[in-house]
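Here is the structure we will look at.
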Amino acid sequence: MTDLQLSERTATMPGDQARPLKSDLLHINMGPQHPSTHGVLRLFITTDGEIVHTVTPYLGYLHRCAEKIAEGTTWHQYIVYTDRMDYLAAMNCNWGYCEAVEQLMRATGTEVEIPEYAQCVRVIIAELNRIASHLIAFGTYGLDLGAMTPFFYALREREAILNIFEKVCGARLMYSYYDIGGVKWDIPPDAMEEIKLFLKIFPKKLVEYNALLTENKIFVERLANVGVLDRETAIAYGCTGPVLRGSGVDWDLRRDEPWGIYDRFDFEVAIGRGQMGTLGDNWDRYYVRMLEMEQSVKIIEQAIAMMPAEGEIMAKMPRTLKVAPGEIFVRTEAPKGEMGFHIISDGGAEAFRCKTRSPAFHNLHVLEKLGEGQMISDLCATIGSLDLVLGEIDR
Amino acid sequence: MTPPESPGREAAFNVVGDHIGDDREQLLHFPIDEDLAEIANPTSGNIVLGRVEDFFRWCQLSSIWPVTFGLACCAIEMMSAAGTRYDMDRFGAGAMRGTPRQSDLMIVSGTVTAKMATRLKRLYDQMPEPKWVIAMGSCAIGGGPYFKYGYHVVKGVDLMVPVDVYVPGCPPRPEVLLDGLMRLQDKIRGKKGRLVKPKWVDQYITTIPE
Amino acid sequence: MTSVEIYEHLRERMPDAVVGYEANSAQPAILIDAEEVFELALLLRDSEKLSFDRLLVISGVDWEGYDEKGKGKHRKIAQYGEDGKPNDPGPEGTGDLGLYWYLHSMKYRHSIALKARIARDKASAPSLATIWPTAAWAEREIFDFYGIEFSGHPDLRRMFLPEDWEGYPLRKDYPMPARYHDVPLEGLPLAVRENQQSQEEGA
């Protein structure tokens with residue numbers, strides 16, 4: 001068979017140029033059920049051997065109609081559904097929604113004054129949940145790459161945090177702890193002791209985790225210079241959170257557009273510096289999360305120091321809340337990025353429209369760009385570095 | 001009658017047929033090793049008599065291998081149940097397989113959506129018999145919090161596949177999942193599960209509050 | 001720049017596109033004409049003084065039944081029916097659909113919200129996917145939920161729901177389905193249904 005006949009036979013994809021000895025593109029479906037723990041994400045990959053040509057995420061396998069439900073449930077009832085969006089950082093999602101409703105109330109004339117004690121409690125609990133979320137990101141990242149030990153270590157610390165949460169609000173995962181106007185329950189004294197004990201032991205554990213993975217030669221070889229996301233692409237694709245900061249952009253909502261009492265804290269914003277490879281590679285995003293855990297410990301210590309000895313946990317709120325008509329879009333810094341709630345009220349007891357701006361949804365979009373030219377195993381590493389939660393992406 | 005002197009360990013390997021041709025009476029007195037005699041004693045507990053069915057069921061319930069079917073938040077509690085604090089591996093159920101073709105159990109943890117339902121049915125069909133399904137969490141039992149206005153949510157995985165054990169909770173604690181696993185083991189064993197309040201509860205309840 | 005200054009700046013350069021200004025003590029919004037949003041977006045991104053390089057969210061709204069008092073209420077969500085058919089969902093909606101964009105500038109640290117209204121029967125708007133790539137997915141989501149078609153979008157198809165789903169769920173007149181092809185969304189468990197079937201066949 002002549003070369004021309006061979007190439008005519010193998011040029012099967014539309015748009016392919018007939019080149020001699022070109023192999024077919026392989027279509028692989030990393031289907032909605034796969035053994036990594038990111039959830040039901042379907043990636044349709046076309047590869048030339050091991051090198052990926054295109055990555056197309058297919059979403060919606062966990063679409064749970066939260067935005068329609070918001071139009072049928074009262075303002076307080078919807079807090080339960082915000083838990084289930086980013087289920088690893090449920091407290092932060094709760095706070096994002098409650099903050100949005102409170103700011104809408106302030107903007108439309110109702111005075112909402114959250115007590116100082118409740119503000120401090122909110123910060124402590126949210127930062128603890130940030131640590132828990134980053135621990136899962138760290139643990140499952142090792143699991144994706146084949147290292148099982150960091151996963152069990154991370155779960156061990158996370159169980160300590162979940163113990164604290166159980167003492168505070170009774171639940172291990174879906175808390176619905178934040179309420180519009182404050183928090184629902186006080187932190188009991190033994191939970192406070194446990195938090196202080198946790199803050200004492202956790203920095204040493206962080207040293208352990210860094211020794212396990214961060215400078216591990218295999219880990220660095222797999223992550224450095226892979227999945228490089230440059231600054232302009234990150235901003236244009238709407239990436240936020242550690243994905244944006246890993247590319248060197250110095251932007252953190254807690255410092256730059258603070259809400260609650262975040263303007264009173266003194267902490268550093270971790271950004272990627274390209275230490276192990278290129279700026280904006282997988283390792284930078286991973287290391288930003290490790291540094292953020294340290295900074296969260298600092299914030300919690302400061303919050304405990306500035307907390308009044310006792311105080312109210314809730315502002316005075318009517319039983320059936322009715323928010324005056326108006327529209328607002330409020331963002332808060334969740335562990336995955338900037339979580340926003342666009343709320344429209346028509347004066348009734350239920351929201352007219354409540355849309356969630358999910359950080360992981362916009363972070364996932366950049367995978368289409370990052371995946372090109374990588375190998376399939378590098379693609380797994382890149383997905384892990386983006387820290388996706390399908391509950392939030394699909395809502 | 002005393003048996004002849006036991007020549008030691010070698011005697012344990014005497015085969016009865018070796019002595020064909022010997023005196024018939026002597027056949028009854030072949031030397032037995034003492035350790036073997038201890039083991040072979042029916043009252044020592046080392047010999048178990050039972051039906052083959054029960055034996056197979058015991059094998060099955062002690063090594064239920066689940067397929068990783070974590071859909072949503074309940075998957076995190078399933079991961080915790082497989083973690084070090086609530087070790088699922090001690091029940092034999094820790095080897096989570098990635099493929100349904102090598103597993104016995106499908107723990108449906110999380111909300112089943114219309115888009116995912118066809119895949120779920122396909123994975124269920126790919127599992128070889130005998131297979132069991134645990135519906136974990138209120139979403140898998142009956143739609144969960146999304147039952148009212150969820151246009152894309154299948155209100156309970158039992159609309160698609162037959163379910164053996166329902167584990168309630170949102171999400172259920174890992175201990176509850178382990179309890180569900182033990183109920184499934186009871187079901188496989190063929191005995192009724194613990195339908196009565198366990199006796200140890202009485203130790204902790206001294207007075208029933210008004 | 002404050003929102004009022006941005007509004008003035010835009011009104012000077014593109015007076016047809018900017019329709020109004022909605023004052024709100026926390027977050028004022030600029031009302032624009034949906035047809036002109038593409039040129040407006042180019043101006044917002046490339047202008048030296050504005051330099052909005054981040055599009056944070058595009059959100060769709062169905063303004064049907066928006067009653068400021070909250071009495072008369074927005075349309076009740078229809079319930080499921082039997083036999084896979086929804087019970088009477090009520091008349092088709094006649095209200096407008098709406099879009100909402102929120103932009104942010106990293107350089108000047110200012111942000112602005114844009115709002116537009118779109119007629120229900122001619123639900124379309126220009127796509128901003130070539131200006132800010134993040135708009136591609138946000139617009140697919142709005143197409144999925146509201147049926148607003150974005151002209152110039154590179155790949156407009158449904159985002160979350162299956163490709164052959166009928167209807168646009170977040171519209172207020174959407175009747176709840178009870179089946180999706182052969183997946184029952186509610187009803188009796190499989191074992192009970194099979195029992196009933198075998199009883200019927202046996203009887």
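Values in this document were obtained by computation on a predicted structure and should not be read as measured data.
Here B/T111 is the residue among B/L123, B/T84, B/T111, B/V112 with the most heavy-atom pairs under 4.5 Å with chain A. The most heavy-atom pairs under 4.5 Å with chain B, out of A/A66, A/G391, A/A171, A/P32, come from A/P32. If you tally non-hydrogen atom pairs under 4.5 Å between each of B/A72, B/A75, B/P174, B/G83 and chain A, the highest count goes to B/A72. Heavy-atom pairs under 4.5 Å with chain B peak, among A/E159, A/M174, A/R64, A/R156, at A/R64.
A distance of 4.5 Å separates CZ in A/R172 from CD in B/E77, rounded to the nearest 0.5 Å. Once rounded to the nearest 0.5 Å, the distance linking CG of A/D86 with SG of B/C73 reads 10.0 Å. Atom NE2 of B/H152 and atom CG of A/D394 lie 9.0 Å apart (nearest 0.5 Å).
Of all non-hydrogen atoms in A/C65 and B/G150, the two that sit nearest each other are SG-CA, 3.5 Å. When all heavy atoms are compared, the tightest approach of B/K115 to A/L59 is NZ-O, 2.6 Å. Taking each heavy atom of B/T113 and A/G60 in turn, the nearest pair found is OG1-O, 4.1 Å. Heavy atoms only, all atoms of each residue included: A/V40 and B/L71 are closest at CG1-CD2, 3.5 Å.
For A/Y97, the ring-ring contact (aromatic ring centres under 6.0 Å, His included) partners two or more places apart in sequence, or in a different chain, are A/Y78, A/F341.
The environment of CZ in A/F44 is crowded: more than 12 heavy-atom neighbours from other residues, nucleotides or ligands sit within 6.0 Å.
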Step by step, would you call A/L162 with B/R85 a side-chain contact (heavy atoms from CB on, under 4.5 Å)? CA-CA 12 Å; A/L162 295 187; B/R85 191 172 173 183; 6.0 Å; no
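Only the side chain of A/L88 has a heavy atom closer than 4.5 Å to any heavy atom of chain B. Using a 4.5 Å cut-off between heavy atoms, A/E166 touches chain B through its side chain atoms alone. Looking at A/L155, only its side chain comes within 4.5 Å of chain B, counting heavy atoms on both sides.
Between B/C170 and A/R84 the shortest side-chain heavy-atom distance falls below 4.5 Å. Between A/R158 and B/I76 the shortest side-chain heavy-atom distance falls below 4.5 Å. Contact check for B/M79 versus A/F151: side-chain heavy atoms found under the 4.5 Å cut-off.
The main-chain N or O of A/E71 is never found under 3.5 Å from a side-chain atom of B/Y149 such that the two would form a donor-acceptor pair.
In this structure, A/H63 has its ring center at least 6.0 angstrom away from the ring center of B/Y146.
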